[in-house]
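If you read the sequence from its start, that first residue is 1, and numbering goes on from there. Counting starts at 1 for both ligands and their atoms, following the listed order.
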Amino acid sequence: MAASMSASSIEVRTYTGGPAPLDGAQMMAANPYRPWPARITSITELTATEKLFEFRLIDDRIREAFHHEPGQFVELSIFGVGEAPISISSSPSKGGFIELCVRRAGTFTEVLHKMQCGDIVGIRGPFGRGFPFEKMKGHDILLVAGGLGIAPLRSLINNIHDERSEFGKVTIIYGSRNPGEVMFRNQFEMWRHRKDFDLYLTVDHPDDTWDGEVGLVTKPFENLDIDASNTFGAVCGPPVMYRFVVEEMRKKNISYDRIYMSFERNMKCGMGKCGHCQIGHQYVCIDGPVFNYWEAKNIQGSM
Ligand SMILES: Cc1cc2nc3c(=O)[nH]c(=O)nc-3n(C[C@H](O)[C@H](O)[C@H](O)COP(=O)(O)OP(=O)(O)OC[C@H]3O[C@@H](n4cnc5c(N)ncnc54)[C@H](O)[C@@H]3O)c2cc1C
Ligand code: FES
């Protein structure tokens with residue numbers, strides 16, 4: 001007997017092929033220890049020991065899901081060599097690529113400096129707490145960088161520049177040991193020229209080519225004209241610098257509550273699991289690397 005079926009008795013089942021595929025954010029969250037392949041797309045030699053690398057995450061979904069705050073860092077891996085925490089130097093306002101400014105210091109960074117455009121590395125993150133960008137809006141900003149401290153601050157500076165109308169007066173003080181170590185000079189000079197920022201470049205040891213300030217990064221404070229009641233401070237540099245810069249900020253009456261600084265400490269996991277970066281009750285990788293003055297005061301050896 002031939003089966004007869006009315007249309008209403010047919011059960012329509014859609015084969016889904018299993019659970020819905022994960023989006024980029026879910027893929028990263030599923031295993032935060034997993035480095036995602038990224039290609040080096042540009043390398044700029046900044047000084048004798050520092051290079052700016054641009055990376056592009058290869059998987060479209062990961063690339064689209066990657067968002068960071070200025071001041072956050074990534075764990076960068078070179079397969080077969082190791083992994084190192086590096087601050088993100090590009091602005092969150094420009095998606096699709098990640099810039100890292102890396103100093104040749106030892107084994108890992110030596111290998112990175114020998115890599116070429118097209119080579120593949122691994123990136124996981126972003127990690128940590130960055131600068132309070134939204135809270136800073138509507139205020140004047142005083143940024144003080146010493147040496148490689150410009151790397152994380154550049155992310156904040158570029159971000160501010162891309163949303164310039166949201167901020168008041170922006171002053172940058174950037175100190176280096178000598179003129180050959182000044183990074184991103186052309187970009188900063190251009191912004192100064194366009195009156196986007198007040199810029200003070202200073203070096204400890206000038207040469208014949210140097211026409212900027214001479215002295216420690218605290219020197220430009222002597223002539224600084226700021227409205228302390230409306231100013232946020234952001235500081236990053238070698239450990240010895242923080243105490244003196246914060247002292248100068250206080251002499252200008254900037255409130256401790258509005259002084260933020262970024263620290264480097266030895267790290268491993270980057271996400272509060274291994275304890276490598278623990279100081280007292282703080283994990284620098286998740287409670288920082290950006291801290292406000294009161295938090296930083298409790299970090300042993302930082303102030
Ligand atoms: C949150 C964070 C952000 C960072 N951002 C940057 C960045 O933007 N650019 C950059 O070039 N580096 C950055 N670093 C430092 C970077 O991780 C180290 O320089 C790198 O791991 C050194 O690896 P290496 O194998 O080449 O050198 P190693 O052989 O491990 O060390 C070489 C020398 O560098 C010193 N060193 C190693 N690690 C650090 C450290 N964390 N801080 C200070 N001195 C160190 C060692 O004591 C040694 O003298 C950051 C570190 C942290 C924790
Ligand atoms: S690096 Fe592992 S806890 Fe901070």
Side-chain angles (χ1 to χ4, degrees), residues 32-33 35 38 40 43-55 68-92 98-115 121-131 143 145-158 174 176-177 181 183-184 234-242 260-291 295-296 299-302:
Y33 288 100
I40 302 177
I43 303 172
T44 310
E45 207 157 317
L46 298 172
T47 69
T49 48
E50 275 103 7
K51 287 183 178 179
L52 182 71
F53 294 86
E54 183 195 84
F55 302 92
H68 73 279
E69 297 163 10
Q72 283 191 300
F73 65 97
V74 291
E75 288 285 347
L76 177 71
S77 355
I78 303 176
F79 302 113
V81 179
E83 198 178 46
I86 306 286
S87 306
I88 302 173
S89 201
S90 43
S91 167
I98 301 163
E99 284 176 335
L100 306 179
C101 171
V102 182
R103 172 174 291 172
R104 185 159 37 80
T107 316
F108 177 87
T109 48
E110 185 89 46
V111 176
L112 181 70
H113 269 240
K114 288 190 178 133
M115 294 181 92
V121 298
I123 287 180
R124 60 189 183 91
F127 294 120
R129 196 172 54 149
F131 290 98
L143 301 116
L148 190 56
I150 197 67
L153 282 189
R154 180 175 176 263
S155 176
L156 179 60
I157 294 168
N158 284 348
Y174 171 26
S176 306
R177 275 181 303 200
E181 292 186 8
M183 292 181 266
F184 311 110
V235 190
C236 190
V240 64
M241 194 185 98
Y242 290 88
Y260 285 80
M261 51 202 97
S262 175
F263 289 128
E264 276 188 19
R265 283 294 182 275
N266 283 336
M267 290 184 185
K268 207 85 187 157
C269 68
M271 50 192 177
K273 306 285 185 208
C274 72
H276 267 79
C277 67
Q278 186 175 6
I279 304 171
H281 65 284
Q282 312 245 40
Y283 289 127
V284 178
C285 67
I286 50 172
D287 299 318
V290 175
F291 295 92
E295 295 163 333
I299 297 181
Q300 196 190 357
S302 64

*For ligand 2, which atoms, with element, lie under 4.0 Å from some heavy atom of Lys268?*
1 (S)
*Counting each atom of ligand 1 from 1 as listed, which ones have a heavy atom of Met267 under 4.0 Å away?*
1 (C), 53 (C)
*Tell me which protein heavy atom sits closest to atom 3 (S) of ligand 2, plus the residue, atom name and distance to 0.1 Å.*
Gly275 N, 3.2 Å
*Can you list the atoms of ligand 1 that are under 4.0 Å from a heavy atom of Val102?*
11 (O)
_Using 30° and 60° as the class boundaries, would you call the ring planes of Phe53 and His113 parallel, tilted or perpendicular?_
perpendicular
*Which of these, Val284, Thr109, Asn266, Val111, has its nearest heavy atom closest to atom 38 (N) of ligand 1?*
Asn266
*N/O/S atom of Cys285 under 2.8 Å from atom 4 (Fe) of ligand 2, yes or no?*
yes
*With a cut-off of 2.8 Å, does any N, O or S atom of Cys277 fall short of it relative to atom 4 (Fe) of ligand 2?*
yes
_If we set the cut-off at 4.0 Å for heavy atoms, which region of Arg103 has an atom near ligand 1: side chain, backbone, both, or neither?_
both
*Closest by any non-hydrogen atom to atom 15 (C) of ligand 1: pick that one out of Glu264, Glu83, Arg104.*
Glu264
*Quick one: look up the protein heavy atom nearest atom 12 (N) of ligand 1 and list residue, atom name and how far away it is.*
Ile86 CD1, 3.8 Å
*asked:* Test of understanding: given a 4.0 Å heavy-atom threshold, classify the contact between Lys273 and ligand 2 as side chain, backbone, both, or neither.
replied: backbone
_Where ligand 1 meets Thr107 - atom numbers and elements under 4.0 angstrom, heavy-atom basis_ = 24 (P), 25 (O), 26 (O), 29 (O)
*Atoms in ligand 2 flagged as close to Met267, the criterion being non-hydrogen separation under 4.0 Å*: 1 (S)
*asked:* List ligand 1 atoms under 4.0 Å from Arg265, heavy atoms only on the residue side.
replied: 53 (C)
*If you have a sec, work out which protein heavy atom is nearest atom 3 (C) of ligand 1 and how many Å separate them, to one decimal?*
Ser87 OG, 3.3 Å
*Below 4.0 angstrom from a heavy atom of Ala151, which ligand 1 atoms are there? Numbered from 1 as shown, please.*
8 (O)
